[in-house]
Amino acid sequence: MTETLPPRPIRGATADLPPKWNPGEVEAGMYRRWVENGYFTADPDSGKPPYSIVIPPPNVTGSLHLGHAMDHTLIDILTRRRRMQGYDALWLPGMDHAGIATQSVVERRLAEAGEPGRRELGRVEFVRRVWEWKAESGGSILGQMTRLGDGVDWSRERFTLDEGLSRAVGTVFKRMFDDGLIYRAERLVNWSPELQSAISDIEVDHKEVEGELVSMLYGDGEDAIVVATTRVETMLGDTAVAVHPDDERYAHLVGKTIRMPITGRDIPVISDPYVDPEFGSGAVKITPAHDPNDFEMGRRHDLPMPTIMDEAGVIAGTGTRFDGMDRFEARVAIREELAAQGRIVAEKRPYLHSIGHDSRTGVPIEPRLSLQWFVRVESLAKASGDAVRSGATTIHPAEMESRFFDWVDNMHDWCISRQLWWGHRIPVWYGPNGEMVCVGPDEEPPTGEGWRQDEDVLDTWFSSGLWPFSTLGWPDKTPDLERYYPNSVLVTGYDILFFWVVRMMMFGIYAMGEAPFRDVYLHGLIRDEHGKKMSKSKGNVIDPLELIDAYGADALRFTIARGSNPGTDMSLSHEWVAGSRNFTTKLWNATRFAMANGASPALPLPAVEDLTDADRWILGRLREVREQTDALLEDFQFAKATEGLYHFTWDELCDWYLELAKPQFDDPATADGTRAVLGHALDALLRMLHPITPFVTEALWTTLTGGETVVTAAWPGEDTGLPVDAGVVARVEAAQKLITEVRRFRTEQGLPDRRSVAARLVGLDAAGLEAHGAAVRFLTRLDRAGDDFAPTATVDVTVAGGKVHVELDTSGAIDVAAERARLGRDLAAAQKELDQADKKLTNPKFTEKAPANVVDGIRGRREAAVAEIERVSGRLAALPAS
RNA sequence: GGGCGCGUAGCUCAGCGGGAGAGCACUCGGUUUACACCCGAGCGGUCGUAGGUUCGAUCCCUACCGCGCCCA
């Protein structure tokens with residue numbers, strides 16, 4: 001039994017690492033060096049396998065928020081790891097021109113500056129001003145990305161409105177136009193009176209609102225008929241009243257006309273099976289130009305479709321006194337007018353119903369009949385669904401697939417024209433004689449009298465839908481395109497699955513003949529500390545830059561990675577990030593301590609038989625952790641991978657191995673081996689942590705190894721650490737249990753850590769722990785028994801290899817009550833275990849039907865419980881009466 | 001109205017057929033020669049409710065209650 005405990009030398013701090021990690025002082029310079037050294041620059045000629053991810057392009061108007069931080073952290077983890085694994089990794093950055101958002105910003109600035117507005121300036125001058133704004137104030141997010149440490153290839157930065165991408169947009173438009181997949185039609189579209197533009201279905205949010213349901217009387221005398229509406233003002237555009245064909249009540253009216261109040265128009269009563277005879281009076285007013293259902297009915301019955309509002313939602317062209325009134329104003333005024341005429345027969349208020357709202361401005365949508373451009377989506381959507389069904393593209397987590405399928409299987413044609421100026425102008429020219437010509441990007445538009453280009457621009461999502469290949473040079477066959485398409489992975493929030501992912505799938509398959517990415521990882525949203533959505537109005541928005549300033553970029557990244565379970569939202573607060581900062585500090589101090597003791601991966605690892613159990617245990621755990629980390633990251637399980645590294649670092653490497661290493665450093669027989677083991681373990685650990693926490697690992701790893709950078713260091717391979725040896729694990733866990741039990745005794749006896757306690761360890765050899773005596777004594781602060789040793793207490797610990805008696809001289813009477821309480825808890829726990837085991841084992845059905853290994857397991861637990869009860873009972877009986 | 005998901009320790013979340021876990025918070029002790037952004041020990045849960053399947057259910061099924069999201 002080895003029980004030597006020589007005095008330990010005072011060790012100084014290493015000169016290479018400052019005592020404290022100061023991310024704010026180091027990060028910017030470190031990032032600059034990475035970029036300048038070209039670590040993030042992809043190289044198609046490298047001969048390495050390619051790995052590519054394109055950034056979800058942030059709006060040019062945007063600044064970094066936690067949603068971006070989420071995307072970027074996860075993408076950076078994936079690409080940094082692949083780069084270390086020897087891939088030619090490309091993370092391509094860029095921005096979206098964000099049509100509506102950007103145009104709004106510039107218009108607002110013009111107004112604030114008292115300058116002429118958009119219309120006064122005219123299209124050319126206004127667009128020039130937007131570019132000017134972009135050059136001065138746009139893209140601040142790019143600088144903010146460097147704060148996070150994003151390993152993007154800045155040499156390949158793109159913008160959706162730059163020359164190359166505009167050419168891609170024009171090429172796709174022309175091709176789809178020629179293929180009949182883009183068409184122009186007069187349709188009822190979602191019109192935003194605020195934006196004064198059409199928007200697509202997906203940009204409409206349906207919200208329950210409290211409105212009113214007003215029942216009005218149309219016609220007179222026997223021909224009178226009651227209809228109900230929530231939008232009274234639309235009566236100005238009614239061109240029919242419809243009833244169900246089988247509805248006896250109105251059979252006599254079908255085919256006749258009735259006179260409308262206010263407008264005095266005569267409109268027909270028609271029959272259509274679409275009408276629900278159970279709803280209201282069974283008769284409905286038909287306003288084809290302002291309601292989607294009515295529009296369909298109008299088409300079926302060839303009804304006139306008068307538009308009664310202008311682009312801003314103001315009543316216009318009705319020839320009534322209501323012209324010039326806002327739609328909501330008119331709603332009230334017309335109702336009052338009808339009431340005065342005695343034509344209001346019922347009013348239900350509040351009446352809860354669903355209304356579409358412009359998702360950007362929040363104003364209620366006004367369905368409006370207008371001439372717009374559409375993408376015929378059916379074949380494209382089907383192909384997108386098939387790409388996922390066939391496994392060409394895999395969506396993670398799989399639960400999100402059903403949402404994707406529901407969407408692509410029921411998709412409506414996509415309205416792509418916007419009545420804005422900032423964006424890709426529709427490349428169609430109209431001739432003086434009704435000609436319509438779609439002009440490709442490399443073609444000359446028709447010239448001559450009377451030719452003019454379409455005024456509208458394309459939906460922003462049209463150009464972002466091309467992003468996975470337009471950014472790589474398409475339509476040219478560039479080396480980048482050849483190599484990096486399809487992209488390896490797409491990482492984005494599930495909230496833009498339909499907006500963006502589906503469009504990229506459609507365009508990618510159409511233009512490239514192949515889905516744009518092999519894997520789609522959809523992450524959740526970041527919420528506040530109580531799981532509430534962050535919003536300006538709630539005042540619970542956290543600025544990622546503020547977090548970086550306070551805790552360092554690594555802490556923010558670590559927090560995000562640790563919270564990112566697939567498909568689920570995460571809560572984030574300062575406390576969480578502070579906890580991650582503590583982790584980086586822990587890592588810093590551990591490495592500093594190791595280096596101060598001469599740890600280095602350059603030292604040769606001794607042969608297995610020359611290593612201590614602790615050495616072999618930590619190297620075995622290192623191997624397991626590396627395997628687990630790889631498996632989890634391959635499966636996009638960021639939270640679990642990060643959590644695993646956290647616990648390995650803190651609980652195993654720091655709390656156990658570093659403590660066990662202290663006595664090993666003091667023993668010349670083990671000191672060198674310990675330095676090598678610690679050096680190897682930290683080297684591998686820092687490399688595994690680098691994708692998550694790039695800055696602190698760069699500082700530590702370069703110092704520890706003398707290497708140039710960890711960014712391009714090799715990812716730990718299968719030979720990391722050592723194979724796990726069950727015997728080693730059992731012995732180390734036994735020692736840990738012994739140590740914990742003695743500490744527990746000391747704590748409950750109120751024996752301060754400093755208080756020297758003489759003790760004798762009996763049975764270490766029999767338990768196979770003869771080599772662990774020094775460590776047990778060191779970590780429990782037990783001194784060797786002297787000649788005058790007079791034990792006053794005993795702690796018995798049952799471990800895998802046997803039973804260890806620790807006899808202690810506590811220099812006086814022990815606290816019997818505390819000891820009785822401690823043993824009492826142990827006894828109760830053992831008794832509960834025994835009861836549970838007996839309950840199962842006395843049930844013949846259990847022993848018959850349960851698998852043998854389960855039954856054996858329970859038997860083993862029962863035996864252990866019996867032994868524990870015997871031990872604890874004995875200790876209790878031996879205690880003096882209190 | 002249709003669909004999806006969630007209700008597990010005070011808070012935020014893992015676990016998802018055979019011994020209830022983590023982080024934070026909390027309690028007690030500690031100026032130990034890496035770290036108080038720390039160390040050690042501990043407290044804390046009839047796993048939403050009610051049925052069912054099973055030898056056995058936090059885990060599977062059904063219903064209900066509560067919450068969230070998507071679509072119409």
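Each chain gets a letter, A, B and so on, in the order the sequences are listed, and its residues count up from 1.
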With a non-hydrogen cut-off below 4.0 angstrom, is [X] in contact with a base, only sugar-phosphate, or nothing?
| X | result |
| --- | --- |
| A:Gln836 | nothing |
| A:Glu399 | nothing |
| A:Trp588 | nothing |
| A:Arg581 | base |

[N] OP1/OP2 closer than 4.0 Å to side-chain N/O of [X]:
| X | N | result |
| --- | --- | --- |
| A:Ser354 | B:rC71 | no |
| A:Lys586 | B:rC39 | yes |
| A:Trp21 | B:rA34 | no |
| A:Ser571 | B:rC13 | yes |
| A:Arg861 | B:rG19 | yes |
| A:Lys640 | B:rG15 | yes |
| A:Lys533 | B:rG68 | no |
| A:Arg746 | B:rG40 | no |
| A:Asn582 | B:rC38 | yes |

Paired with [N]: which nucleotide, if any, by Watson-Crick or G-U wobble criteria at under 3.5 Å for both distances?
| N | answer |
| --- | --- |
| B:rC38 | B:rG30 |
| B:rG17 | none |
| B:rG23 | B:rC11 |
| B:rU49 | B:rA63 |

Check every atom of B:rA34, B:rU12, B:rC71 against the side chain of A:His530 and return the nucleotide holding the closest atom.
B:rU12
Taking donor-acceptor contacts at under 3.5 Å, does the side chain of A:Lys20 reach the base of B:rC37?
yes
Does any N or O donor sit under 3.5 Å from an N or O acceptor when you compare the side chain of A:Gln637 with the base of B:rA14?
no
Charged N-O contact under 4.0 Å between [X] and [Y]:
| X | Y | result |
| --- | --- | --- |
| A:Arg859 | A:Asp856 | yes |
| A:Lys538 | A:Asp528 | no |
| A:Arg861 | A:Glu833 | yes |

Using 0.5 Å steps for rounding, measure from the CZ atom of A:Arg527 to the CG atom of A:Asp569.
4.0 Å
Sequence neighbours excluded, the answer for side chain to side chain contact (heavy atoms under 4.5 Å, CB included) partners of A:Ala590 is A:Cys654, A:Leu658
What integer number of Å spans the [atom1] atoms of [N] and [M]?
| N | M | atom1 | answer |
| --- | --- | --- | --- |
| B:rG42 | B:rC37 | P | 24 Å |
| B:rG45 | B:rG30 | C1' | 30 Å |
| B:rU54 | B:rG18 | C1' | 12 Å |

